[in-house]
2 protein chains.
Amino acid sequence: MPAGLTAAETRQMQPNVNRAECPSRLVLEHVTSRWGVLVLAALLERSYRFSELRRQIGGVSEKMLAQTLQALERDGFVRRDAKPVIPPRVDYSLTPMGHEVAEQVWTLTRWVEGRLDDVFEAREAYDGARAS
Amino acid sequence: MPAGLTAAETRQMQPNVNRAECPSRLVLEHVTSRWGVLVLAALLERSYRFSELRRQIGGVSEKMLAQTLQALERDGFVRRDAKPVIPPRVDYSLTPMGHEVAEQVWTLTRWVEGRLDDVFEAREAYDGARAS
DNA sequence: CAGCATCCAAGCGGATACTG
DNA sequence: CAGTATCCGCTTGGATGCTG
């Protein structure tokens with residue numbers, strides 16, 4: 001953030017700078033994004049080829065998968081292995097650092113899944129209180 | 001997901017059902033969302049009033065803060081204490097379950113922050129290779 | 001103060017078509 | 001096969017104005 005400017009002023013000059021205000025948030029968004037979580041989870045088991053991964057995850061468009069993989073590769077979480085053969089073959093796998101985040105995100109995911117019942121219960125209580 | 005329909009058919013009937021395909025993803029998005037992370041992190045230290053929290057976080061609109069807090073309250077992560085006084089006073093704090101997620105998310109955030117250097121290094125390598 | 005309702009711009013994400 | 005490029009609808013999210 002440039003010196004001599006308030007956060008509000010900076011934000012006005014450059015909309016959506018909030019995302020960039022905290023660099024770690026961008027990285028966090030990559031790994032916790034809709035498809036990022038699923039990609040990391042899949043790669044935690046083994047390496048995948050592009051469309052293999054696409055089928056495995058299910059419901060993800062080419063565009064989003066490519067975008068997600070590029071972000072994760074650029075951040076150093078995913079390794080891209082392009083074999084110069086015809087037809088092209090590209091393998092995606094986790095880097096050591098990627099393996100670390102993947103496990104953390106996976107742990108968090110598992111925790112959430114394990115607490116789903118409690119969450120649903122809380123929701124019913126919340127919605128019930130509102131209905132009256 | 002209704003029986004007798006493929007994922008594709010369901011998706012066509014109800015766009016963006018991907019989000020709902022996996023209930024835990026919705027919960028995960030609440031706690032890892034742009035503002036969710038910051039709210040949980042703040043409440044990890046102590047309870048806050050609405051605009052106090054707004055100032056503390058900085059850069060969040062009323063709308064988004066209210067939305068974030070409601071989602072977290074409905075999921076059972078945040079407790080809302082509205083005192084029937086004039087002017088209104090509302091305190092937000094973490095529930096025991098909220099405290100658990102907050103710590104996990106906070107751990108993940110800290111991990112990311114600690115690895116930021118590695119990420120930036122990876123990015124430079126990635127961008128450098130592309131520039132050629 | 002704490003929030004809801006409305007409006008509107010920006011960008012996320014899907015479908016499609018095309019390339020190496 | 002593994003993408004890139006383009007178009008476009010819908011949601012996200014900010015600004016503003018109003019209520020209890």
Side-chain angles (χ1 to χ4, degrees), chain A residues 7-21 25-26 29-30 32-39 47-74 78 80-92 130, chain B residues 7-21 25-26 29-30 32-39 47-74 78 80-92 130:
Chain A
E9 282 165 339
T10 309
R11 206 171 309 118
Q12 203 156 25
M13 304 170 35
Q14 191 180 346
N16 252 350
V17 71
N18 282 325
R19 290 200 126 79
E21 263 171 19
R25 270 217 59 75
L26 276 172
E29 275 175 16
H30 293 160
T32 63
S33 69
R34 167 119 63 92
W35 306 117
V37 179
L38 300 176
V39 166
S47 73
Y48 278 91
R49 299 180 58 183
F50 187 84
S51 28
E52 202 183 15
L53 193 54
R54 192 153 128 69
R55 278 189 300 274
Q56 170 69 18
I57 290 180
V60 60
S61 65
E62 281 181 11
K63 180 188 171 183
M64 289 316 296
L65 182 57
Q67 212 171 89
T68 302
L69 284 169
Q70 277 171 24
L72 292 176
E73 185 198 356
R74 196 171 99 98
V78 162
R80 182 177 180 276
D81 248 15
K83 268 97 175 177
V85 297
I86 305 288
R89 176 190 179 91
V90 182
D91 285 309
Y92 290 95
R130 291 241 143 178
Chain B
E9 281 166 338
T10 309
R11 207 171 308 121
Q12 203 158 25
M13 306 170 33
Q14 191 178 349
N16 251 352
V17 71
N18 282 325
R19 290 198 126 79
E21 264 171 18
R25 269 216 60 75
L26 276 173
E29 274 174 19
H30 292 162
T32 63
S33 69
R34 170 124 58 100
W35 306 117
V37 178
L38 301 177
V39 166
S47 73
Y48 278 91
R49 298 180 58 184
F50 188 83
S51 28
E52 201 182 16
L53 194 53
R54 191 154 129 69
R55 279 189 300 274
Q56 169 71 18
I57 291 180
V60 60
S61 65
E62 279 182 14
K63 181 185 169 183
M64 289 316 298
L65 183 56
Q67 213 171 87
T68 303
L69 283 170
Q70 277 171 23
L72 293 176
E73 185 197 356
R74 195 171 100 98
V78 163
R80 181 177 181 276
D81 249 14
K83 268 98 174 175
V85 297
I86 304 289
R89 176 190 178 92
V90 182
D91 284 311
Y92 291 94
R130 290 240 142 178

Review point. Starting at the 5' end of DNA chain D and moving along, which residue's nearest nucleotide shows up first, A:Pro88 or B:Glu62?
Key: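 Nearest nucleotide further toward 5': that of A:Pro88.
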
What's the [atom1]-[atom2] distance between [X] and [N], to the nearest Å?
{"X": "B:Glu73", "N": "C:dC4", "atom1": "CD", "atom2": "P", "answer": "10 Å"}
{"X": "A:Leu38", "N": "C:dG13", "atom1": "CG", "atom2": "P", "answer": "12 Å"}
{"X": "B:Leu65", "N": "C:dC4", "atom1": "CG", "atom2": "P", "answer": "11 Å"}
{"X": "A:Glu29", "N": "C:dC12", "atom1": "CD", "atom2": "P", "answer": "9 Å"}
{"X": "B:Asp81", "N": "C:dC1", "atom1": "CG", "atom2": "C1'", "answer": "16 Å"}
{"X": "A:Gln67", "N": "C:dC12", "atom1": "CD", "atom2": "C1'", "answer": "8 Å"}
{"X": "A:Lys63", "N": "C:dG11", "atom1": "NZ", "atom2": "P", "answer": "13 Å"}
{"X": "B:Ile86", "N": "C:dC1", "atom1": "CD1", "atom2": "P", "answer": "13 Å"}

Exercise for review: Using five pairs at either end of the helix from C:dC1-D:dG20 to C:dG20-D:dC1, determine the angle between the two local helix axes and round it to 10 degrees.
Suggested key: 50°

Any side-chain N or O of [X] below 4.0 angstrom from OP1/OP2 of [N]?
{"X": "B:Arg80", "N": "C:dA2", "result": "no"}
{"X": "B:Tyr92", "N": "C:dG3", "result": "yes"}
{"X": "A:Gln70", "N": "D:dT4", "result": "yes"}
{"X": "A:Arg34", "N": "C:dG14", "result": "yes"}

Got a second to check how far [X]'s [atom1] is from [Y]'s [atom2], nearest 0.5 Å?
{"X": "B:Glu62", "Y": "B:Phe50", "atom1": "CD", "atom2": "CZ", "value": "5.5 Å"}
{"X": "A:Thr68", "Y": "A:Glu73", "atom1": "OG1", "atom2": "CD", "value": "12.5 Å"}
{"X": "B:Gln67", "Y": "B:Ser61", "atom1": "CD", "atom2": "OG", "value": "8.0 Å"}
{"X": "A:Arg34", "Y": "B:Leu26", "atom1": "CZ", "atom2": "CG", "value": "9.5 Å"}
{"X": "B:Arg55", "Y": "B:Leu53", "atom1": "CZ", "atom2": "CG", "value": "10.0 Å"}

Revision key, fill the gap. Closest heavy-atom pair, A:Arg49 versus A:Glu52, reported as atoms and distance to 0.1 Å, is N-OE1, 2.7 Å

Review point. Closest heavy-atom contact between B:Ser33 and B:His30?
Key: OG-O, 3.2 Å

Point to revise | Verdict with reasoning, B:Leu69 to B:Arg80, per side chain to side chain contact (heavy atoms under 4.5 Å, CB included) | key: CA-CA 9 Å; B:Leu69 283 170; B:Arg80 181 177 181 276; over 6 Å; no

Study note, to complete from the structure: Numerically ordered, the residues 47-54 of chain A set in heavy-atom contact under 4.0 Å with DNA chain D is A:Arg49, A:Phe50, A:Ser51

**Study point:** Close side-chain approach of A:Val60 and A:Leu38, heavy atoms under 4.5 Å
**Key:**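 No. Closest side-chain heavy atoms not under 4.5 Å.
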
